[in-house]
Amino acid sequence: MKRYRLQLMVCAGTGCVSNHSVEIKDALDREIEKHKLQNEAEVVFTGCNGFCGAGPIVVVQPDGVFYQLLKTADIPHLVEEHLLKGRPVKKLMYSPPAEKIPIPKMSDIPFFSDQTLIALRNRGMIDPEQIDDYIARGGYKGLVKALTMMTPDEVLKEIKSSGLRGRGGGGFPTGVKWESCKHAHGDIKHVICNADEGDPGAFMDRSIIEGDPHAVIEGMIIGAYAIEKVHQGYIYVRMEYPLAIKRFQIAIKQAREYGLLGENILDAGFTFDIDIRRGAGAFVCGESTALMASVEGKPGEPRAKYIHTVERGLWERPTCLNNVETWANVPQIILKGAQWFSSIGTGDVSADPWGGSKGTKVFSLAGKVNNTGLVEVPMGIPLRDIVFKIGGGIRDGKKFKAVQTGGPSGGFIPESLLDLPVDYEELTKVGSMMGSGGMVVTDEDNCMVDMARYFLAFTQAESCGKCTPCREGTKQMLDILDRISVGEGTEEDLVTLEDLSNVIVESSLCALGGSAPNPVLTTLKYFREEYEAHVKDKKCPSHTCRKLNTYSIDEKICLKLGHGCHVCVKHCPDAAIIGERKQVHYIDPAKCSKCGVCYDVCNFKAVQVA
Amino acid sequence: MAKLKIEDLDRIAEEARSKMTIREGAGKARITVHMGTCGIAAGARAIMSAFLDEIKAHNIKDVIITTSGCAGLCSREPMATVEFGNQAPVKYVDLTDEKARKIFKEHVLGGKFVMEYALSVGSERIR
Ligand SMILES: Cc1cc2nc3c(=O)[nH]c(=O)nc-3n(C[C@H](O)[C@H](O)[C@H](O)COP(=O)(O)O)c2cc1C
Ligand code: SF4
Ligand code: SF4
Ligand code: SF4
C-alpha cells in the first residue's frame, strides 16, 4: 500500500464536472508526474462539496487548503508552488465578498465552518465509487452493530427515540412509519428510497447520492432489518440524474460483491437486496402513492390515502417509503446512538414524536445570496444565520426581502421573522414548511407578486389533473396573478385569491394541491402592500412587472454621457424612440409597449423606469 | 472480491487509514518541512524523502507530513517542525538525512523530543 503525504480532493459533483473538474484532475495528474511527486501526492475524485458557485474545487489535505474557480491553466503553477515548494497559492483561494484577504483553510471559510455534517459527513472525504473509502470512514459499522448486537425491535426503538423525521417533505417521524409498516399484515414487505427530487433547483438528494451512495444503501438495509419481512428494496431515481444512477449502480454492485447485499448478509442470517427504478419524470411522481404506482409500471398519479401505503403500498404489500436524506441519517444514528442525534435540534421527542426537530437538515441555498450551494445545518439554527453567515448576505449590497423555504410550494418568510429557528412546526406556523429543503433568497429587486406567480406556474403545470380543486383552482389563481401583473387586477381579486387558496388547500387529493397556494398566501400576508400597489396604483414597486412601468430617457445622461448613441432606437421593437444620432432621444409613450429593451441596452443608464 | 466477514470490515478500514488520516487532517503527529526557496536549496526535499521513507518502513498510518514556506530562519535550513499530540511544536534546524530519521524514531514515534537538534519549543501563533 502506498503512503502519500498529500491527498488532493477534486470535486466530481454534477456542478463541478460541468465546470471541467475532470480536466482539472487530468492536469493535476500530469503535473504531479512531471515533478515526480506521484509517490507523495494522490489525486482523488469526491462528491459535491456544496459550494457549487465556487467550482471547480480542489481541497489539498491534510491542511484543508481550499482552491476554487480553477482553470487547467492554473494547475502547473499550483503544483509547482504548493505541492513541490510548499507554498499555497493565495490567488486561487477563496476571499469573502467585500474582503480582499483570501482564506486558505476550508474549515475557516464561514460557508463551511457554520455547517454540521451528518448526512453529508463524507462529502469531499471519500471517492464515492470506492466502497473501501466508505468503510474506512466507519461505513457499514452501523449495519454490523444492528445485525450482530441488536434485535430488529431494538433498532426500531433507537430510530424512534432519535426523533428522526422525514426529510422528503412531510416531516413524518421515521420510527413511527417503520413501526406501522412492521405491524401491518403481510408476509412480503418493501422499503423504497425516494430519489425523485422534482423541486426546481433542488439538488440535496442528488448530491448525497453522488457523494456517498453507500450511506443510503446502508440505511435501507438497516431499515429492512428493523421492519422485518423485507427482502427487496427499490430506489426510485429521476431519469435526469444519470451520474446519481451510475453511482448507485456501482455502489450496489460493490455491496453485493462484498456480501453486504444479497443472501445471508455478513453471515448474520438476513437477506435483502436493492434494485433501481428510473423516475417517469413528472413532479407528482415524487408523491408516495404516485411513486408506487409508477414503480408498478402504472401511470404516476396519486390515489386517495384512506389506506396508508405502510399497510398497502407497492403491489398491495406493506411498504415503507423514505427520502434519500432520511435513509442517509440512519447508519449514523445506529452507530452513535439515538441520544447523540436527539441532542442536536429543537424540542423534546421523548414522549411525542412530533415534539421537536432533531439532527440536521440539508438545504440548497439559492437566489440573491453571495454563497449559493448546498448546506447542512443543525435544526434550530435561525434562518438569519443561514442567509447572512453561511450565505454571506445579499449580493451587491442589496436589501434582503424574503426567504422561501420548502421548495416550489413553500411560503415566503419576511425580514421580521428571520430569527425563526429551522424547525418543522415553526416553519409551518408562519405559512411555510421544511419541505425537502429548497431555500430561495429574494432581495429588494424581486417582486413578490411575480415570485408567487412563478412558483404557482410551476405547480400548476405539474398538477396531474386528477382532482378538480387543484386542476381548475390553480389555473384560476394563475389567471388572476397574470392579470395583476399587467395592471388589470382589482382589489376583489385579492379576496378571490385568498378564498381559492383556502378551498384548494382544504380539498385537494394530494399534497401538491394541498400546498401549492402557500407562496400566494404568504406573500399576500406579509407583502400585501405590493399587491395593493399592483391593483390600486397599477405600479410594480420593484419594477419587475414591466407592463406597469413607465420608461423615459434622462436627457442629460443621454446627451452628456451617451452622446445620443442611438443604440436604443435600433433595439426598440415599436419604433417608439425618437432622436437623431448625437442628439437627445425621447420615448413616445403612445407607441411604447413597455418591453423594457431600451432599459437593458442603454450602456449609460439613461433610460429610467418608474 | 469475496464475501466479507465482519472482521474484514475492520481490516479494510485499517488499510485505508493512512489515506483517511491525511484527508481528515487528524494524525497523532504532524511533521512540517519548511520548503521555501532557501529550504529547497538547502536540501529540504531530501529531508522530506527521509521522513516519507521512514513512514513507509514502519508502516505508520497516523502521521501527517506537510510543507510550509520559509520559516524565516534561512541560515539554519533545512528545518522541520514536529507536533506530537497536544505537546508544543518543536522546531528542528540544520537537518540531515540521519538527523531526520533519528527525530522520526524518537520524537514522532516515541513522543520524546531530540534536544540536541531542537531550536525552540513552541511557536508563534499566526491567525
Ligand atoms: C407533489 C409531491 C412531490 C413529492 N416529491 C418528493 C420527492 O421528490 N422526494 C421525496 O423524498 N419526497 C417527495 N414527496 C414526499 C413523499 O410523498 C413522501 O412523503 C416522502 O418521500 C416520505 O419520505 P420521508 O418520510 O423520509 O420524508 C413529494 C410529495 C408530493 C405531494
Ligand atoms: S392535488 Fe393536484 S397533483 Fe394531487 S391528485 Fe389532485 S390534481 Fe393531481
Ligand atoms: S442608448 Fe441610451 S445613451 Fe444611447 S441614445 Fe438611447 S438613451 Fe441615449
Ligand atoms: S420600453 Fe420597449 S417599446 Fe418602449 S421605448 Fe423602450 S424599447 Fe421601445
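By convention in this document, chain letters (A, B, ...) are assigned in the order of the sequence lines, proteins followed by strands, and residues within each chain are numbered from 1.
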With ring-ring contact (aromatic ring centres under 6.0 Å, His included) as the test, pick out the partner of A/F111 among A/F66, A/Y94, A/F51. A/F51

With a 4.5 angstrom heavy-atom cut-off, is it the side chain or the backbone of A/E42 that approaches chain B, or both, or neither? side chain

NZ or CZ of B/K28 within 45° of B/F84 ring axis and under 6.0 Å: no

Contact origin within A/N122 toward chain B - heavy atom pairs under 4.5 Å: neither

Given heavy-atom pairs under 4.5 angstrom as the criterion, report whether the side chain, backbone, both or neither of B/N59 touches chain A. both

Start with the C-alpha gap between B/R11 and B/E15, add the side-chain angles, then the distance that decides, and say whether salt bridge (Lys or Arg N to Asp or Glu O under 4.0 Å) holds. CA-CA 6 Å; B/R11 179 183 49 76; B/E15 275 170 13; 3.6 Å; yes

So, are B/K5 and A/D267 salt-bridged, with charged N and O less than 4.0 Å apart? yes

Partners meeting salt bridge (charged side-chain N to carboxylate O under 4.0 Å, His left out) with B/E14 (sequence neighbours left out): B/R17, B/K61

Under the salt bridge (charged side-chain N to carboxylate O under 4.0 Å, His left out) test, residues paired with A/K145 that sit two or more places apart: none

Count the heavy atoms of every other residue, nucleotide or ligand shown that sit under 6.0 Å from NZ of A/K90, and state whether that count exceeds 12. no

Interchain contact, A/V44 with chain B, by part (heavy-atom threshold 4.5 Å): side chain

Neighbour count >12 (heavy atoms, 6.0 Å) for atom NZ, A/K389: no

Let me know if B/I64 has heavy atoms under 4.5 Å from chain A in its side chain, its backbone, both or neither. side chain

Looking at A/D133, A/I265, A/L147, which one has more heavy-atom pairs under 4.5 Å with chain B than the rest? A/D133

Contact listing (chain A partner; residues 102-111 of chain B; heavy atom under 4.5 Å): none

B/I60 versus chain A, the contacting section by heavy-atom distance below 4.5 Å: backbone

If you count heavy-atom pairs within less than 4.5 Å of chain B, which of A/A136, A/G259, A/G64, A/A268 leads? A/A136

Those residues at least two apart in sequence (or on a different chain) that pass ring-ring contact (aromatic ring centres under 6.0 Å, His included) with B/Y117 are none

